[in-house]
Amino acid sequence: MAEMPFHDRVQLLTDQLGLPGVDVLGGLFDLTAQRLVRLAVAITRNQYDGEDAVQAVMTRIAVRPVPLREAQAPWAYLLRMVRNEALLIARKKKRWITTTHSITDLVTRRRVDELEQEDTHRAVWTALRSLPAAQAEVVVLKTWEGMTFAEIAEVLQESPNTVASRYQYGLQKLADRLKKAASEAMGERALRNVAPKKAAPNRGGHR
Amino acid sequence: MSYLRPDNFDAASVEAMLQAAGGYVGPSDDLRPRVLEEARRLRSGGQRRWRLTLAGGSALAAVVLLSAQASTLSQSLSEATPSQRVAVLVESSHATSKSTGEGLWALVDAFFKVRSEQAEAFRPDSAGADAPSVGESSEGVAQMPTADGSF
């Protein structure tokens, strides 16, 4: 049996929001939190701020569920809510946000079979966090949410052409930064490989 | 080990790398309980606020109604002549005595009975005195309220 599409599962839950005796907030959180936090972190460039944005949106839904329940496309509406909240937080804390080359504040998860790819994942997230928020959010929605430019344009309330060009610029910057990171990593590996060879004659000299 | 290699960074491979890193970052373990607790707190706070607003509204409505009634009564009393004022008060006392089951009129009857006995006692043909007694009018009859309460 084919799995129900993600946005239909979201709609199934949001249809029950606010009904007496039904508490779907936990289920909605379980279904959407990972994606929402991912988007919010890409915009705020910070795990805590991203989580704050998601928390603020979820509690707002708990208090006033009707707008989300009555939305034509609840998943797009939820993404827009989190995006707006994340931008608000990012704007408030603008002076403290700096481009970081570390992702130590992020809560990362990796499957055992992905251990080998962790370097790549770290490089991707470091590069993504260095992008301007306007480009990062488009990259997240296009790549991870699988949305079309028209759908993204609806969420961001921009024209599809603007969204498409932001995606192209963002992808180009990511490619440049990943290339640079790969060169640096390769240089470090070369140094690590050379160092033991240089040390070998010294050890021999002590004999 | 799989390392980043600087040889292939076209759009497709960057997209593939992005795709693979999608699940790498997620929410912390304490976010879920934090969200649910905050939601519960806000919802119960909202209900409490609603109950307080309702109680406050009811109290305000009661005060407004009472003051409107008091103002109407006060206005009607101030515009009335003294006899009408007494009539209104007697009427409201009568209503009160009816509702409480006590007879104000019984008291009035008793008063009139005493006054009649006094009048009888001081009547000239019975007591031999010429002067009218205290409390009697020039006609020799105590003023009594009529049926509608006026004198």
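When reading the values below, keep in mind they use all heavy atoms of this one structure, side chains included, and skip hydrogens, waters and symmetry mates. In what follows, every chain begins at residue 1, and chains take the letters A, B, ... in the order their sequences are listed. What you are looking at is a predicted structure, and each value in this text was computed from that prediction instead of being measured.
Between B:A39 and A:L25, the shortest heavy-atom distance links the atoms CB-CD2, 3.5 Å. In terms of heavy-atom proximity, B:V35 sits nearest to A:F29 at CG2-CE1, 3.9 Å.
When heavy atoms are compared at a cutoff of 4.5 Å, A:V139 approaches chain B solely by way of its side chain, counted from C-beta outward. Contact of A:Q47 with chain B is made through the side chain alone, with heavy-atom distances under 4.5 Å.
A:R38 places a side-chain N or O within 3.5 Å of a backbone atom of B:G22 that can act as its donor or acceptor partner. Between the side chain of A:W125 and the main chain of B:Y24, no donor-acceptor pair closer than 3.5 Å is present. A:W144 places no side-chain N or O within 3.5 Å of a backbone atom of B:A21 that could act as its donor or acceptor partner. Side chain of A:E51 to backbone of B:S28: a donor-acceptor contact under 3.5 angstrom is found.
Shown are A:V37, A:V41, A:L36, A:V54; of these, the side-chain contact (heavy atoms from CB on, under 4.5 Å) with B:P27 is made only by A:V37.
A distance of 11.5 Å separates CG of B:L18 from OG1 of A:T120, quoted to the nearest 0.5 Å. B:R34 contributes atom CZ, which lies 12.5 Å from atom CE of A:M58 (distance to the nearest 0.5 angstrom). Remark: A:T59 OG1 to B:R43 CZ distance equals 10.0 Å, nearest 0.5 Å. Between the CE atom in B:M17 and the CG atom in A:L174 there is a gap of 9.5 Å [rounded to 0.5 Å].
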For this session: Kindly indicate, with the supporting measurements, whether the criterion side chain to side chain contact (heavy atoms under 4.5 Å, CB included) is fulfilled by A:V124 and B:V14.
Result: CA-CA 9 Å; A:V124 165; B:V14 171; over 6 Å; no
Exercise. Which is it for A:R60 and B:L42 under the side chain to side chain contact (heavy atoms under 4.5 Å, CB included) test, yes or no, and what are the steps along the way?
Worked result: CA-CA 9 Å; A:R60 200 175 309 144; B:L42 285 176; over 6 Å; no
For this session: Could you go through the salt bridge (charged side-chain N to carboxylate O under 4.0 Å, His left out) check for A:K142 and B:E15 one step at a time?
Result: CA-CA 10 Å; A:K142 180 83 174 78; B:E15 280 179 335; 5.6 Å; no
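In this structure, A:E154 places its CD atom where only 12 or fewer heavy-atom neighbours from other residues, nucleotides or ligands lie under 6.0 Å away. Other residues, nucleotides and ligands contribute over 12 non-hydrogen atoms within 6.0 Å of the CD atom of B:E117. The 12-atom threshold is not exceeded at OH of A:Y48, counting heavy atoms of other residues, nucleotides or ligands nearer than 6.0 Å.
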